[in-house]
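What follows is a set of notes on a single structure, which appears directly below.
The first residue in the sequence is number 1, and the count goes up from there. One-based numbering, in listed order, for ligands and for the atoms of each.
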Amino acid sequence: MGESRLRIDARDDRVVATLDRPDRRNAIDQALVDELHALCAELEETPRTLIVTGTDGIFAAGADIAQLRERTGDDARRGINATVFDRIRHLPMPVIAAVDGYALGGGAELAYAADIRLGTPNARFGNPEPGLGIIAAAGASWRLPEIVGHARASELLLTTRTLGADEALAWGLLSSVHEPDELLDAAHAIVDRIAATSVRATILTKRALLAPRADHPRIDGELQAELFDSPDKRARMTAFLERKKR
Ligand code: COA
């Protein structure tokens with residue numbers, strides 16, 4: 001077993017996963033992908049909100065180019081990063097990316113896979129893959145258009161330019177911008193809001209958000225049916241209706 005590339009701070013209602021490979025600017029190699037899969041397995045088993053962040057003013061500089069150079073067409077078809085980012089995307093509870101510094105290539109795609117993105121004034125997003133002779137194949141070509149719209153995503157991916165925090169905020173890629181020493185507190189404040197609501201309703205809200213367009217509105221009714229029949233819904237609504245009587 002080599003050195004861990006992911007620091008995990010696991011609490012009852014949340015997990016903070018810190019990419020921790022600063023000497024390689026948190027480049028995502030197979031070992032990190034394996035650790036992310038292990039984390040996903042845990043969060044699928046025991047759903048909790050996930051905060052993903054970086055270290056030393058860098059989120060992640062993309063896939064590990066030394067490994068990438070040696071990968072073949074068969075490796076590409078296996079979608080090494082795409083698969084783990086998709087697993088992160090589909091974790092039962094929300095995923096928050098807290099981005100300070102560069103989120104490039106696969107690092108940007110990891111952030112695109114989150115439900116909510118927060119940044120600092122130093123946040124920088126970009127997909128430089130064509131400059132390396134490849135495409136951004138781990139979510140950028142379809143998740144980025146979903147987030148910022150097709151025209152903006154096309155401009156970013158075709159020019160490979162880097163997007164700063166102000167523009168990322170204006171485009172809706174970032175929900176909010178915080179000073180670096182306040183970034184994690186801001187992410188925790190969001191988790192606190194989520195934690196105050198029903199876990200099951202949060203899980204089913206995420207499921208509804210990720211459902212294909214063609215499944216709506218049928219799936220919303222199905223998901224709601226489970227909640228309407230739950231004692232938790234009755235208790236929460238009764239508490240609201242009786243709050244003035246106490
Ligand atoms: N894969 C492998 N190694 C990487 C890497 C990556 N994606 N990104 C950085 N590194 C390594 C560098 O090779 C360097 O190694 P060295 O110390 O042995 O020379 C070390 O990490 C530090 O990187 P450096 O470029 O010197 O840091 P910097 O702070 O000046 O610049 C970046 C940071 C992120 C702007 C720059 O490293 C960069 O452009 N990285 C590649 C981004 C990219 O193209 N990603 C897409 C991959 S598909």
Side-chain angles (χ1 to χ4, degrees), residues 2-7 17-37 39 52-89 97-114 117-145 147-148 152-168 171 173-174 177 179-181 183:
E3 243 172 72
S4 175
R5 282 139 164 61
L6 201 57
R7 265 189 287 125
T18 305
L19 306 175
D20 191 16
R21 202 188 174 209
D23 61 322
R24 285 282 164 272
R25 301 299 184 266
N26 295 338
I28 301 167
D29 65 352
Q30 184 64 55
L32 180 50
V33 167
D34 293 345
E35 287 187 66
L36 288 169
H37 273 298
L39 172 64
V52 183
T53 194
T55 23
D56 290 354
I58 187 130
F59 185 72
D64 188 303
I65 296 170
Q67 288 193 354
L68 213 48
R69 190 181 57 179
E70 306 309 319
R71 287 185 184 155
T72 63
D74 284 343
D75 294 321
R77 284 188 193 91
R78 283 196 294 130
I80 296 169
N81 286 357
T83 303
V84 75
F85 296 163
D86 217 45
R87 196 167 176 188
I88 290 169
R89 179 76 180 131
V99 179
D100 184 24
Y102 282 107
L104 296 178
E109 290 171 307
L110 172 57
Y112 304 157
R117 280 160 297 278
L118 309 182
T120 71
N122 310 318
R124 300 276 179 279
F125 294 90
N127 284 97
E129 282 89 341
L132 293 166
I134 58 173
I135 68 166
S141 65
W142 55 284
R143 273 198 194 108
L144 190 60
I147 300 167
V148 302
R152 284 173 161 166
S154 301
E155 192 254 326
L156 207 66
L157 296 182
L158 294 172
T159 65
T160 71
R161 85 175 166 94
T162 302
L163 199 67
D166 286 348
E167 237 181 330
W171 284 17
L173 183 57
L174 287 174
V177 173
E179 288 308 315
D181 59 352
L183 179 65

With atom 43 (C) of ligand 1 as the reference point, say which of G105, A61, G62 has the nearest heavy atom.
A61
Among D64, V84, N81, find the residue that satisfies the side-chain contact (heavy atoms from CB on, under 4.5 Å) test when tested with I28.
N81
Which residue supplies the protein heavy atom nearest to atom 48 (S) of ligand 1, what is that atom called, and how far is it?
L68 CD2, 3.7 Å
Hey, looking at atom 31 (O) of ligand 1, which of R24, R25, R21 has the closest heavy atom?
R25
Looking at ligand 1, does N127 have a heavy atom less than 4.0 Å from it?
no
Salt-bridge criterion met for R143 and D86 (N-O under 4.0 Å)
yes
Take atom 19 (O) of ligand 1 and look for protein heavy atoms under 4.0 Å from it; say yes if you find one, no if not.
no
Which protein non-hydrogen atom lies closest to atom 2 (C) of ligand 1, naming both residue and atom, and how far is it?
I65 N, 3.4 Å
Give me the residue, atom name and distance of the protein heavy atom closest to atom 44 (O) of ligand 1.
P128 CG, 3.4 Å
Quick check on atom 13 (O) of ligand 1 - does any protein heavy atom sit closer than 4.0 Å to it?
no
Only one of L36, T18, D34, N26 clears side-chain contact (heavy atoms from CB on, under 4.5 Å) with L6; which?
L36
Using the side-chain contact (heavy atoms from CB on, under 4.5 Å) rule, take I58 and L19 through it: C-alpha gap first, then chi angles, then the decisive distance, then the call.
CA-CA 9 Å; I58 187 130; L19 306 175; over 6 Å; no
Top protein contact for atom 35 (C) of ligand 1, by heavy-atom distance:
Y102 CE1, 3.7 Å
Heavy atoms of the protein only: does one fall short of 4.0 Å from atom 25 (O) of ligand 1?
no
Among the heavy atoms of A63, does any lie under 4.0 Å from an atom of ligand 1?
yes
Is any side-chain heavy atom of E109 closer than 4.5 Å to a side-chain heavy atom of N127?
yes
Does a donor on one side chain sit under 3.5 Å from an acceptor on the other, for T72 and D75?
yes
From L163 atom CG to L156 atom CG, the distance as rounded to the nearest 0.5 Å:
5.5 Å
Would you check, one step at a time, whether the test side-chain contact (heavy atoms from CB on, under 4.5 Å) holds for R78 with R71?
CA-CA 11 Å; R78 283 196 294 130; R71 287 185 184 155; over 6 Å; no
Quick one: which ligand 1 atoms are inside 4.0 Å of a heavy atom on L104?
34 (C), 42 (C)
Under a 4.0 Å N-O cut-off, is there an ion pair linking D29 with R21?
yes
Proximity of D23 to ligand 1 by residue part, where a heavy atom lies under 4.0 Å:
backbone
